[in-house]
Amino acid sequence: MRSGLPGAPQTVAGLDVSYEVGSDRVVAAAVLLDVATARVRESALVVGKVTVPYVPGLLAFREVPFLLAALERLPVSPDVLVCDGYGIAHPRRFGLACHLGVLTGLPAFGVAKTAFTARFDEPERARGAWTPLLDGDETVGRALRTQAGVKPVFVSVGHRVGLAEASDLTIALAPRYRIPEPTRQADLLSRAALRESPPTTG
DNA sequence: GCGACAG
DNA sequence: ATCTTGTCGC
């Protein structure tokens, strides 16, 4: 028992929120996938209205309510949460993935598309190559190459999971694209639902 | 004081 | 986050 994960995770849930232009409408998606195949098994959506503005460093306060609602709609609880954003790689060391992990009690980590306050050296070109994500002299995560020759993603621990394991899962869940399937599918689903969902009522 | 700044 | 078409390449 080196990490907080009881054993090899069988399922993961990818989370993401899509916003509608010129309105407060948002759609949150929670997608359950099998780790072994990286394929979608279940999914849940929630439509809502944002009341909190986006402020760098406070993203969790804006998205967590919707993500929790979407998670509750999944028929089964996932073994791990894959979030679109940061975990510990945050100015206050408590990003979105930390909030969701603590609130749900589930292991969680974040996979962000861009660096925030942290710095990093370019990883080798190979898939799986990584370099430490640094905030001053502190290692807060990893700049991880999920696809050879493609820009790296930024992995950081959120709750009850180690950085090495989070990185391994990210690679395993990103067999073809830069963004791992959990988060990628959640993005696709929430975006599609937003377009198909009537602006008001039914 | 100014710029940068997850999504 | 979102606004946005085609195009080049495997």
Side-chain angles (χ1 to χ4, degrees), chain A residues 13-31 45-71 81-103 108-120 125-127 130 132-136 138-144 146-159 163 166-167 170 174-180 182-197 199:
Chain A
L15 307 165
D16 191 32
V17 177
S18 285
Y19 299 79
E20 180 175 63
V21 290
S23 97
D24 55 0
R25 259 163 40 80
V26 301
V27 171
V31 183
L45 296 166
V46 166
V47 178
K49 294 182 180 302
V50 227
T51 58
V52 182
Y54 169 65
V55 178
L58 302 180
L59 178 65
F61 297 98
R62 177 174 164 83
E63 303 193 335
V64 162
F66 305 111
L67 295 176
L68 285 179
L71 264 177
L81 261 32
V82 182
C83 311
D84 190 339
Y86 291 140
I88 293 301
H90 178 276
R92 297 286 87 82
R93 300 287 181 277
F94 211 75
L96 177 64
C98 299
H99 284 254
L100 288 171
V102 171
L103 264 29
F109 64 89
V111 178
K113 297 179 287 299
T114 63
F116 193 173
T117 303
R119 296 171 301 87
F120 67 98
R125 189 173 185 293
R127 162 178 152 82
W130 61 270
L133 226 203
L134 306 169
D135 190 336
E138 274 185 73
T139 291
V140 295
R142 288 181 182 177
L144 176 66
T146 53
Q147 296 299 320
V150 174
K151 294 168 60 62
V153 292
F154 306 90
V155 180
S156 61
V157 168
H159 190 61
L163 180 56
S167 299
T170 298
R176 178 171 183 184
Y177 301 98
R178 177 170 89 113
I179 304 303
T183 288
R184 202 176 82 82
Q185 293 301 328
D187 174 70
L188 292 173
L189 282 181
S190 61
R191 183 183 307 189
L194 191 58
R195 301 186 60 179
E196 296 163 24
S197 174

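Here is the naming used below: chain letters follow the sequence lines, and residue numbers restart at 1 for every chain.
Residue A:L15 is classed as having no contact, given no heavy-atom separation below 4.0 Å to the nucleic acid. Using a 4.0 Å heavy-atom distance criterion, A:G110 is classed as making no nucleic acid contact. In this structure, A:Y19 reaches the sugar-phosphate backbone alone: every heavy-atom distance under 4.0 Å involves primed, P, OP1 or OP2 atoms, never a base. Counting non-hydrogen atoms under 4.0 angstrom, A:S18 reaches the backbone sugars and phosphates but no base.
Partners of A:R184 by salt bridge (charged side-chain N to carboxylate O under 4.0 Å, His left out), not counting sequence neighbours, listed by chain and number: A:E181. Taking A:R191 as the reference, A:D187 meet the side-chain hydrogen bond (donor to acceptor under 3.5 Å, both in side chains) condition, with sequence neighbours excluded.
Helical stems in DNA chain B, defined as runs of 3 or more consecutive Watson-Crick or G-U wobble pairs with both donor-acceptor distances under 3.5 Å, are not found. Counting only Watson-Crick and G-U wobble pairs whose two key distances fall under 3.5 Å, DNA chain C forms no stem of three or more pairs.
Here the closest non-hydrogen pair linking A:F66 and A:V46 is O-CB, 4.4 Å. Here the shortest heavy-atom pairing between A:V50 and A:R62 reads CG1-NH1, 3.6 Å. A:D84 and A:K113 get closest at one heavy-atom pair: OD1-NZ, 2.9 Å.
The residue from A:V82, A:L163, A:V157 that alone fulfils the side-chain contact (heavy atoms from CB on, under 4.5 Å) condition with A:F109 is A:V82.
Expressed to the nearest 0.5 Å, how far OG of A:S190 lies from CG of A:D16 amounts to 4.5 Å. Taken to the nearest 0.5 Å, the CG atom of A:L45 stands 9.5 Å off from the CD atom of A:E196.
Counting 5' to 3', DNA chain B first comes under 4.0 angstrom of a heavy atom of chain A and last does so at the ends given by B:dC5 to B:dG7. In the 5' to 3' direction, nucleotides of DNA chain C lying under 4.0 Å from heavy atoms of chain A begin and end at C:dA1 to C:dC3.
Contact check for A:F94 versus A:V102: side-chain heavy atoms found under the 4.5 Å cut-off.
A side-chain donor-acceptor contact under 3.5 Å links A:E63 and A:Y19.
The pair A:D135-A:R93 counts as a salt bridge, with a side-chain nitrogen and a carboxylate oxygen less than 4.0 angstrom apart.
Outside the 6.0 Å centre-distance limit, the rings of A:F154 and A:F116 are not counted as a close aromatic pair.
Formation of a donor-acceptor pair under 3.5 Å by the A:S23 side chain with backbone atoms of A:R25 is found in this model.
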